[in-house]
**Q** 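Quick one: the structure is below, and I'll ask about it shortly.
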Amino acid sequence: MIDLRSDTVTKPIEEMRKAMYEAEVGDDVYGEDPTVLKLEATAAEMLGKEAALFVTSGTQGNQVAVLTHTRPGEEVLVEDNAHIFFYEVGAMAALAGVQTRPLPGVRGMVPVHRMEQAIRGEDIHFPPTRLICLENTHNRAGGAVIPLDYMQEVRHLANRYGVSIHLDGARLFNAVVASGVSAKEYASTVDSVQICLSKGLGAPVGSLLVGTKDFILRARKWRKALGGGMRQAGVIAAPGLIALTKMVDRLAEDHANAKKLASGIANISALDVNPDMVDTNIIIVDVKSWEEATGRLANDFLLRLKEKGVLATSFGGSLIRFVTHLNVSSVQIDEALQVVQEVAGGR
Ligand SMILES: *Cc1c(COP(=O)(O)O)cnc(C)c1O
């Protein structure tokens, strides 16, 4: 199988498994796991922030961030396709008790003047706007890189209104590699960042939440409340260290593979994709013309791919998503393209 459903399917490389075996450990709820402490210090340093917290998943990192930044009844501005709004089980409402204000975006970006209009002034009827959430790269926008100057503009807006910013940087290092902007520069525009170790970076488990010392101290308490206080977690932090220190640069290969696959698919008349919109490792393809020509639905397209050994995922309606990663070679991308051509009915 050539599994292009997600970069979450990546398996730990041998060096990660060895590091897990050899990891020095302690009780991290007591703050005594040296490997976790090293991972947190490394992440904080890479993002130019004071402190970091190792969390079980990207979702936990994002939700702990919202819990730490807000109080119940406050309002949070989100782009309406943001993962934190779209894919996190309504947790912002259920756990933090905040009201989300989803705003339409273009390639993952809400126009800054629209954001400004949505910020609430003083009025007895209004929930106070407390937090803005950004996402870089943006998953549902097809792995789009959010430019630094946009993030800086949002920072200025947030400063003017006394609002905080949380960045869902599940794939921030894809943005770093694609744009040449450093993780520190991106992080300098926001108050907190969540980065995933378990996506393209190939670690088996975990994310980090980074921010000021005080923020992370309070976040640590929320993580405990959510059941995320882990004991000898150095075993899973050890591969995370390898993810951060050795797996970032190779993301460029995933991006090249994504470009190649998208360019090939763009030549297939029944399928619609614009390779110029593929910034990183995510390719969203519209199979609408194929649906109309065959009277079948996108899910049938996915089933046919699967029968021929290629896995992709549904992205709603006639859209399907392919994600390139560590465990798919350039040769396998050629094979996958061949299969996509066969299923789509040639050129
Ligand atoms: C995957 C992802 C998350 C959540 O990470 P999990 O570890 O799956 O909980 C958050 N945000 C974005 C943009 C993601 O792609």
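Numbering of ligands and ligand atoms starts at 1, following listing order.
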**Q** Looking only at distances, please establish whether an N/O atom of ligand 1 is found under 3.5 Å from an N/O atom of Ser207.
**A** no
**Q** Which residue supplies the protein heavy atom nearest to atom 4 (C) of ligand 1, what is that atom called, and how far is it?
**A** His83 CE1, 3.4 Å
**Q** Tell me if the CZ atom of Arg17 is crowded by more than 12 foreign heavy atoms within 6.0 Å.
**A** no
**Q** Check this for me: Lys288, atom NZ, are more than 12 non-hydrogen atoms of other residues, nucleotides or ligands nearer than 6.0 Å?
**A** no
**Q** Looking at Arg231, I want to see if its CZ is surrounded by more than 12 non-hydrogen atoms of other residues, nucleotides or ligands under 6.0 Å.
**A** yes
**Q** Would you say CD of Glu14 has more than 12 non-hydrogen atoms from neighbouring residues, nucleotides or ligands within 6.0 angstrom?
**A** no
**Q** Pick, from Gln194, Glu135, His138, Lys199, the option with the minimum heavy-atom distance to atom 13 (C) of ligand 1.
**A** Glu135
**Q** Between Thr8 and ligand 1, find which residue part has any heavy-atom pair under 4.0 Å and reply side chain, backbone, both or neither.
**A** neither
**Q** Quick one: nearest non-hydrogen protein atom to atom 11 (N) of ligand 1, plus distance?
**A** Asp168 OD2, 2.6 Å
**Q** Could you tell me which atoms of ligand 1, counted from 1 in the order shown, lie closer than 4.0 angstrom to a heavy atom of Thr59?
**A** 4 (C), 5 (O), 6 (P), 9 (O)
**Q** Note the single closest protein heavy atom to atom 5 (O) of ligand 1, along with its residue, its atom name and the distance in Å.
**A** Gly58 CA, 3.3 Å
**Q** What atoms of ligand 1 come closer than 4.0 angstrom to any heavy atom of Ser57?
**A** 7 (O), 9 (O)
**Q** Which ligand 1 atoms, with their elements, are less than 4.0 angstrom from a heavy-atom of Arg171?
**A** 15 (O)
**Q** For Arg155 and Gln152, test the side chains for any donor-to-acceptor distance below 3.5 angstrom and give the result as yes or no.
**A** no
**Q** Side chains of Arg321 and Asn139: any donor to acceptor distance under 3.5 Å?
**A** yes
**Q** When the ring planes of Phe301 and Trp290 are compared, do they come out parallel, tilted or perpendicular, using 30° and 60° as the limits?
**A** perpendicular
**Q** Could you check whether any heavy atom of Glu88 sits closer than 4.0 Å to an atom of ligand 1, since that is the contact criterion I want to use?
**A** yes
